[in-house]
Amino acid sequence: MSRELLGTVMVSRVGGVLTAGRVVETEAYLGESDPGCHAVAGRTKRTWHLFDAAGAAYIYFTYGMHWCTCAVTEREGWGSAVLIRALEPLAGIPVMYRRRGPAATHDRLLASGPARLSVALGLDGALDGAPITRGALVFRAGTPVPDADVAITGRIGFSAKNPARDWPLRWVLRDNPWTSRGA
DNA sequence: ACGCGGATGGCCT
DNA sequence: GGCCATCCGCGTA
């Protein structure tokens, strides 16, 4: 699913305002058997919607200040999801600047990171568990991405002792300026 | 162009 | 008490 979401267009309508971006970077989280997945702790209040059926949003709070947005990908109770890590801004760019504040000094800083794009699209706990097939947050088909343009790497942000640190579960568009690490 | 540390709070041990 | 699926600003070069 991480591969399929590359190139799709993530569209939000929050506060009556439409913003959208092309997905250029994703990460997979593989349920309770994945030491890097929030599902390892079981279904708690925080991770409740991670265990929903495919088609729900899982939007979680981390580091005391950031929201990050995932698409749940498997059956009810499975706990698997795809974290959206970066977007190429397509629509509502002035709104994204307003939401992101003074730190966004360039288009490339609007949505190049999971917390950044969540702010840019107005996504937070209010949409945790919302459907991603209709409503305030949806994914629409975009131009298909050929395999030659896709790179697979380890996931970002893991501590050194996490055994899943180097699992190849990050999908990113090659040489794309909108990703979370420049390329 | 890098690297580092502080912010900030919920959740697990 | 410690750990985060992060981001930002400041330091050195």
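Letters A, B, ... are given to chains in the order of the sequence lines, protein chains preceding strands, and every chain is numbered from 1.
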A:His38 atom NE2 is separated from B:dG10 atom C1', nearest whole Å, by 11 Å
Got a salt bridge between A:Asp128 and A:Arg46, using NZ or NE/NH1/NH2 to carboxylate O under 4.0 Å?
no
Do side-chain atoms of A:Arg100 reach the backbone of A:Leu110 as a donor and acceptor pair under 3.5 angstrom?
yes
Nucleotide-resolved protein contact map, nucleotides 8-13 of chain C, B/S/- at heavy-atom distance under 4.0 Å
S-----
Euclidean distance, atom CG of residue A:Asn162 to atom P of C:dT6 [Å, nearest integer]
12 Å
In whole angstrom, what separates A:Lys161's NZ from C:dC3's C1'?
8 Å
Is any side-chain heavy atom of A:Tyr63 closer than 4.5 Å to a side-chain heavy atom of A:His66?
yes
Quick check against the 3.5 Å criterion: does A:Glu74 have a side-chain atom that pairs as donor or acceptor with the backbone of A:Ala81?
no
Check every strand shown and say whether A:Gly113 touches a base, only sugar-phosphate, or nothing at a heavy-atom separation below 4.0 Å.
sugar-phosphate
Spacing between A:Leu110 atom CG and C:dC7 atom P, to the nearest angstrom
13 Å
I'd like to know if the side chain of A:Ser12 reaches the main chain of A:Leu121, judged simply by a donor and an acceptor atom lying under 3.5 Å from each other, with no hydrogens or angles considered.
yes
A:Leu5 vs A:Arg3 side-chain heavy atoms within contact, under 4.5 Å
no
Closest to the side chain of A:Tyr29, out of C:dC7, C:dA5, B:dC12, is C:dA5
Please check if the side chain of A:Tyr29 supplies one atom and the backbone of A:Gly79 the other of a donor-acceptor pair under 3.5 Å.
no
Expressed in angstrom and rounded to an integer, what is the separation of A:Trp48 atom CH2 from B:dC11 atom C1'?
16 Å
Pair partner, C:dT12 [Watson-Crick or wobble, under 3.5 Å]
B:dA1
Consider side chain to side chain contact (heavy atoms under 4.5 Å, CB included). Of A:Leu90, A:Ile132, A:Thr69, which one does A:Met10 pass it with?
A:Thr69
Do A:Tyr60 and A:His38 have ring centres separated by under 6.0 Å?
yes
Can you tell me how far P of B:dC12 sits from NZ of A:Lys45, to the nearest Å?
12 Å
So does A:Glu27 pair up with A:Arg155, basic N to acidic O under 4.0 Å?
no
In whole angstroms, the gap separating P of C:dT6 from CD1 of A:Ile156 amounts to 8 Å
Residue-phosphate contact under 4.0 Å: A:Ser159 side-chain N/O, C:dC3 OP1/OP2
no
Only pairs with both distances under 3.5 Å count, Watson-Crick or wobble alike; so what is the partner of C:dA5 in this structure?
none
Name every residue in residues 59-74 of chain A that has at least one heavy atom under 4.0 Å from any atom of DNA chain C, in order of residue number, or write none if there are no such residues.
A:Tyr60, A:Tyr63, A:His66, A:Cys70
Before accepting this row, confirm whether a basic side-chain N of the pair A:Arg43/A:Glu76 lies closer than 4.0 Å to the acidic partner's carboxylate O.
yes
Sort out for me which residue in A:Leu30, A:Leu83, A:Leu50 forms a side chain to side chain contact (heavy atoms under 4.5 Å, CB included) with A:Cys37.
A:Leu50
Specify the separation, in whole Å, of atom CZ of A:Arg155 and atom P of C:dA5.
10 Å
Go through residues 80-98 of chain A and report each residue with a non-hydrogen atom lying under 4.0 Å from DNA chain C, sorted by number.
A:Leu83, A:Arg85
